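The block underneath contains the structure these notes are about, expressed in structure tokens.
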Amino acid sequence: MGVSDKESFEVAVAAMCERRFGAPLDRLKRLSGGASQESWTFVCDGQAYVLRRNPRGLPTQQDDHARKLTKADEAAIISAAASTGIAVPRVSFICDDDDAIGEAYVMDFIEGETIARKILRDNEFDAVRPRLAEQCGEMLAALHTIDVTTLPALPHSDAEGELDKYAGYLKLGGHPHPVFELAIKWLRDNLPEKRPPALVHGDFRNGNIMVSPEDGLVALLDWELTHIGDPMEDLGWPCVPSWRFGQHHMPVGGFGRRDALYKAYVKAGGTVDEEATRFWEILGTLKWGIMCGVLMVSAFESGTDPSVERGSIGRRASETEIDLLRMLMGED
């Protein structure tokens with residue numbers, strides 16, 4: 001976003017505040033992180049908010065592999081999660097054409113930390129870090145019981161569907177990735193048994209969970225990959241090596257062990273298939289590699305999102321190739 005674009009965006013947000021709240025805009029700031037979506041904080045009438053929007057506010061672009069969620073879809077899912085007691089920000093409103101912001105919604109600001117380095121290493125999180133894996137298990141069990149008939153029409157994708165989707169993305173990328181192709185073959189040979197579908201967050205990991213030094217897990221964020229599918233996907237994804245940020249002895253986000261996550265999930269009413277979760281860990285590693293090496297790079301090259309972060313993240317594909325080779329050999 002250039003200087004002129006940022007200035008016009010600030011003018012639009014200021015006008016939105018006057019229209020929605022009858023008060024002036026204060027302290028508009030873009031949050032760091034979030035390679036796929038924009039998040040901005042601002043204060044209006046003494047209340048802090050977060051504005052979540054597509055890159056540059058552009059409409060959601062659909063593709064041939066799966067329907068993508070609009071910001072209105074995301075807001076509806078967050079509200080449904082809140083109604084079941086899951087810790088999420090309260091959605092204030094969905095932006096419309098009169099707001100001139102683009103495709104976006106506004107939600108309450110919640111105090112907490114999402115940066116993995118701080119959560120995993122800073123002393124202020126020492127007291128809550130040991131129970132984060134349990135809190136994640138409890139939250140996921142609640143999430144997987146949400147009645148999907150109360151939600152907008154969501155994409156459906158089970159293990160085979162997710163594998164086909166990302167294999168399709170890899171093919172469209174047009175560049176050879178032998179390790180990814182090897183992983184795809186292994187995954188096709190080891191598809192888990194189908195199970196009753198549930199609401200799947202799709203991106204439940206360190207970085208999308210908000211943690212406070214006093215209470216631990218206080219919010220689940222970033223719902224753009226939510227779909228109907230295998231609930232074991234949400235148990236495998238936080239154990240992908242990329243989300244451990246160097247703390248590889250702690251498979252769950254670098255802060256916990258699988259048995260703590262699984263026990264809490266079962267105690268809260270869920271059922272765990274450890275063979276399936278291992279499949280999803282490997283598929284998750286493949287997915288992240290393809291997201292970095294194909295999807296992020298394509299968005300940068302096409303100009304859809306010309307940010308430095310989007311362009312540079314493509315380098316992380318090589319990390320996932322090493323992880324996949326280790327995992328396919330049976331290593332943790």
Side-chain angles (χ1 to χ4, degrees), residues 31-35 39 81 85-89 110-144 200-223 225 231-268 270 272-274 276-285 287-289 291-292 313 316 319-320 322-324 326-327 331-332:
L31 294 173
S32 61
S39 292
I86 295 172
V88 290
I110 295 178
E111 288 285 352
E113 184 59 73
T114 60
I115 297 175
R117 177 183 57 80
K118 293 180 177 291
I119 295 169
L120 299 182
R121 299 176 185 175
D122 286 7
N123 293 338
E124 64 178 320
F125 294 99
D126 286 352
V128 299
R129 198 178 299 119
R131 68 174 190 264
L132 286 178
E134 292 181 10
Q135 290 181 315
C136 288
E138 293 166 355
M139 178 176 278
L140 286 172
L143 173 67
H144 295 158
V200 174
H201 180 273
D203 204 9
F204 191 101
R205 59 176 174 83
N206 207 347
N208 287 338
I209 57 174
M210 181 169 282
V211 177
S212 82
E214 297 78 26
D215 302 311
L217 183 56
V218 293
L220 175 57
L221 310 173
D222 296 2
W223 295 76
L225 298 180
M232 295 303 98
E233 178 179 352
D234 276 339
L235 292 176
W237 186 241
C239 299
V240 165
S242 293
W243 313 140
R244 303 177 197 176
F245 297 91
Q247 305 298 311
H248 287 283
H249 62 294
M250 290 290 189
V252 185
F255 52 71
R257 300 191 181 280
R258 292 184 185 89
D259 59 350
L261 174 71
Y262 296 164
K263 287 178 181 178
Y265 185 82
V266 171
K267 186 176 180 180
V272 176
D273 179 341
E274 294 190 24
T277 61
R278 180 62 175 176
F279 170 93
W280 282 107
E281 286 183 30
I282 295 173
L283 177 52
T285 305
K287 287 169 60 175
W288 179 236
M291 286 181 197
C292 292
I313 204 169
R316 297 201 63 185
E319 298 174 15
T320 65
I322 295 171
D323 290 334
L324 282 169
R326 292 176 56 254
M327 296 169 86
E331 298 181 25
D332 193 23

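For the single chain, residues carry numbers from 1 onward in sequence order. Please read all numbers here as calculations on a predicted model, not as lab measurements.
Heavy atoms only, all atoms of each residue included: A127 and P130 are closest at O-CD, 3.7 Å. For I110 against A219, the heavy-atom pair with the smallest separation is CD1-CB, 3.9 Å. Considering every non-hydrogen atom in both T277 and E274, the closest pair reads OG1-O, 2.9 Å. Closest of all the heavy-atom pairs between Y265 and L140 is CE1-C, 3.8 Å. Here the closest non-hydrogen pair linking Q135 and L217 is OE1-N, 2.8 Å. When all heavy atoms of F125 and S212 are compared, the closest pair comes out as CE2-C, 3.9 Å.
Using a 4.5 Å heavy-atom threshold, the side chains of M139 and I86 count as touching. Side-chain atoms of C136 and I209, non-hydrogen and from C-beta on, do get closer than 4.5 Å to each other. Looking only at side-chain heavy atoms (C-beta outward), P89 and L221 come within less than 4.5 Å of each other. In this structure, R258 and R278 have side chains that are in contact, with non-hydrogen atoms separated by less than 4.5 Å. Looking at heavy atoms from C-beta onward, E134 lies out of side-chain contact with K267 at the 4.5 angstrom threshold. Looking at heavy atoms from C-beta onward, W223 lies in side-chain contact with V88 at the 4.5 angstrom threshold. Using a 4.5 Å cut-off on side-chain heavy atoms (C-beta onward), E113 and M210 make no contact.
Of the residues listed (V240, V211, L120, V252), the one engaging N206 in a side chain to side chain contact (heavy atoms under 4.5 Å, CB included) is L120, and it is the only one.
Taking the six-membered ring where tryptophan is involved, the planes of F204 and H201 are perpendicular, since the angle between them exceeds 60° and thus also 30°.
Ion pairing between E319 and R316 holds under the 4.0 Å rule for side-chain N and carboxylate O.
Checked by atom type and distance alone, the side chain of W243 pairs as donor or acceptor with a backbone atom of W237 at under 3.5 Å. A donor-acceptor contact shorter than 3.5 Å is absent between the side chain of D222 and the backbone of N208. No donor-acceptor pair under 3.5 Å is formed between the side chain of R205 and the backbone N or O of R244. Judged by distance alone, with hydrogens and angles left aside, the side-chain atoms of D215 form no donor-acceptor pair with the main-chain N or O of V218 at under 3.5 Å. R129 places a side-chain N or O within 3.5 Å of a backbone atom of D122 that can act as its donor or acceptor partner.
To the nearest 0.5 angstrom, K287 atom NZ is 13.0 Å from S242 atom OG. A distance of 11.0 Å separates CG of L283 from CD of E281, quoted to the nearest 0.5 Å. In this structure, CG in L261 is found 10.5 Å from CD in E138, a value given to the nearest 0.5 Å. The distance from atom CH2 of W280 to atom CG of L235, rounded to the nearest 0.5 Å, is 11.5 Å. In this structure, CD1 in I282 is found 11.5 Å from CZ in R326, a value given to the nearest 0.5 Å. Note that the CD1 atom of I322 and the OG1 atom of T285 stand 12.5 Å from one another [nearest 0.5 Å].
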| task | Tell me, with the steps shown, if L132 and I119 meet side-chain contact (heavy atoms from CB on, under 4.5 Å). | result | CA-CA 10 Å; L132 286 178; I119 295 169; 3.9 Å; yes

| message | For a side-chain contact (heavy atoms from CB on, under 4.5 Å) check, start with the C-alpha distance between F279 and M232, then their side-chain angles and the critical distance, and finish with the verdict. | response | CA-CA 9 Å; F279 170 93; M232 295 303 98; over 6 Å; no

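Environment of CD in E331: crowded, with over 12 heavy atoms of neighbouring residues, nucleotides or ligands closer than 6.0 Å.
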